Every structure is written in structure tokens, then in C-alpha cells.
Amino acid sequence: NLTKKWTKAQEERKGVIFFTKGSFRIADSHLGQLQSIAIYLLEHPKSLLYTRGHAWQEGTSQQMWNLSESRTKEIERFMEIHGVPERQIR
């Protein structure tokens, strides 16, 4: 069922980060999860992080594309600030 809601545990295991509508700022509630991912990546230098941003019905197609891109870049920036090498981020 594609409309099934994920539990919080499933979201964290998959690395799902939700953003406030129309925003690319990382919510405080996701900082711990992202820090755990950063630590894992630092401890496992051969591991890679693949980022993908989404936006739904938040303006024009171009605005949604820009917001999706900004969300992806914000996660990548967070990882780089926390010492994750750029080569581990895709």
C-alpha cells in the first residue's frame, strides 16, 4: 500500500527527514538522527550517503524543484559541517 504511513522507527531506520512545508531548514527534532548518521559515516569511511529531496504541492514546478534541491543541499551541508568527507555524500 503506497499510502501506508511509516512509523517513527521506520523513518529513522530509512533516514527519512521531514521538513516543514515550504522550508528547507532542518527541524531540531531531526538533529540527533542526522548526527547519528554523520557519526556512522565517519566510523565507516567506505559507506556512502545518498540524498534525495522532495516537495509536494508547494508552489510552481520550478519552486518545488528549487525547494527539493535546497533540502538536499541542506542535508549535505549538515554532513560536511559535521566532518563527513564530500566523497561520502552523493
Side-chain angles (χ1 to χ4, degrees):
N1 181 353
L2 295 176
T3 60
K4 177 182 138 185
K5 296 241 181 201
W6 287 14
T7 65
K8 184 167 178 61
Q10 287 171 314
E11 291 168 3
E12 290 176 359
R13 200 169 41 249
K14 297 286 186 183
V16 175
I17 304 295
F18 290 98
F19 291 84
T20 302
K21 184 176 181 176
S23 176
F24 63 89
R25 300 285 179 208
I26 299 168
D28 290 345
S29 60
H30 289 296
L31 295 177
Q33 179 184 0
L34 288 170
Q35 288 169 339
S36 294
I37 293 169
I39 291 167
Y40 178 87
L41 290 168
L42 291 169
E43 292 174 349
H44 299 88
K46 292 184 180 181
S47 294
L48 301 174
L49 173 68
Y50 291 88
T51 60
R52 181 174 46 177
H54 295 282
W56 289 276
Q57 302 173 354
E58 299 181 39
T60 66
S61 294
Q62 186 62 49
Q63 288 169 325
M64 287 188 294
W65 173 261
N66 291 342
L67 182 56
S68 297
E69 186 71 17
S70 294
R71 289 173 172 174
T72 299
K73 289 188 182 303
E74 188 70 1
I75 297 298
E76 292 169 354
R77 188 176 76 81
F78 179 95
M79 292 298 155
E80 290 172 3
I81 287 171
H82 286 84
V84 177
E86 189 176 326
R87 64 177 162 67
Q88 284 182 270
I89 304 169
R90 305 287 164 111

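What you are looking at is a predicted structure, and each value in this text was computed from that prediction instead of being measured. All values below were derived from every heavy atom in this structure, side-chain atoms included, with hydrogens, water molecules and symmetry-related copies excluded.
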Enquirer: For Glu74, is there an ion pair with Arg71 - N to carboxylate O distance below 4.0 angstrom?
Expert: no
Enquirer: Among all residues two or more places apart in sequence or in another chain, which pass the side-chain hydrogen bond (donor to acceptor under 3.5 Å, both in side chains) test with Ser36?
Expert: none
Enquirer: Anything under 3.5 Å between a donor and an acceptor, one on a side chain of residues 78-89, the other on a protein residue two or more places apart or in another chain? List them.
Expert:
unit_1	atom_1	unit_2	atom_2	d
His82	ND1	Phe78	O	2.9
Arg87	NH1	Pro45	O	3.3
Gln88	NE2	Leu41	O	3.0
Gln88	NE2	His44	O	3.2
Gln88	NE2	Ser47	O	2.9

Enquirer: Which other residues belong to the hydrophobic cluster containing Trp65, where Ile, Leu, Val, Met, Phe, Trp and Tyr are joined when side-chain heavy atoms lie under 4.5 Å apart, directly or via other members?
Expert: none
Enquirer: Show me the donor-acceptor pairs, under 3.5 Å and distance only, between side chains in residues 16-23 and residues at least two apart or in other chains.
Expert:
unit_1	atom_1	unit_2	atom_2	d
Ser23	OG	Arg25	N	3.0

Enquirer: Do Leu34 and Leu42 sit in the same hydrophobic cluster, where Ile, Leu, Val, Met, Phe, Trp and Tyr count as joined when their side-chain heavy atoms come under 4.5 Å apart?
Expert: yes
Enquirer: Test question: given the 4.5 Å side-chain rule for I, L, V, M, F, W and Y, name all other residues clustered with Met64, or answer none.
Expert: none
Enquirer: Please write out which residues are connected to Ile39 in a hydrophobic cluster, directly or through intermediates, given that two of Ile, Leu, Val, Met, Phe, Trp, Tyr count as joined at side-chain heavy-atom separations below 4.5 angstrom.
Expert: none
Enquirer: Calculate, to the nearest 0.5 Å, the distance between atoms CD1 and CD1 belonging to Ile75 and Ile26 respectively.
Expert: 4.0 Å
Enquirer: Restricting to side-chain contact (heavy atoms from CB on, under 4.5 Å), what partner residues turn up for Ser68, sequence neighbours left out?
Expert: Ala55
Enquirer: Please name all residues satisfying side-chain contact (heavy atoms from CB on, under 4.5 Å) with Arg90, sequence neighbours left out, ordered by chain then number.
Expert: Leu48, Tyr50
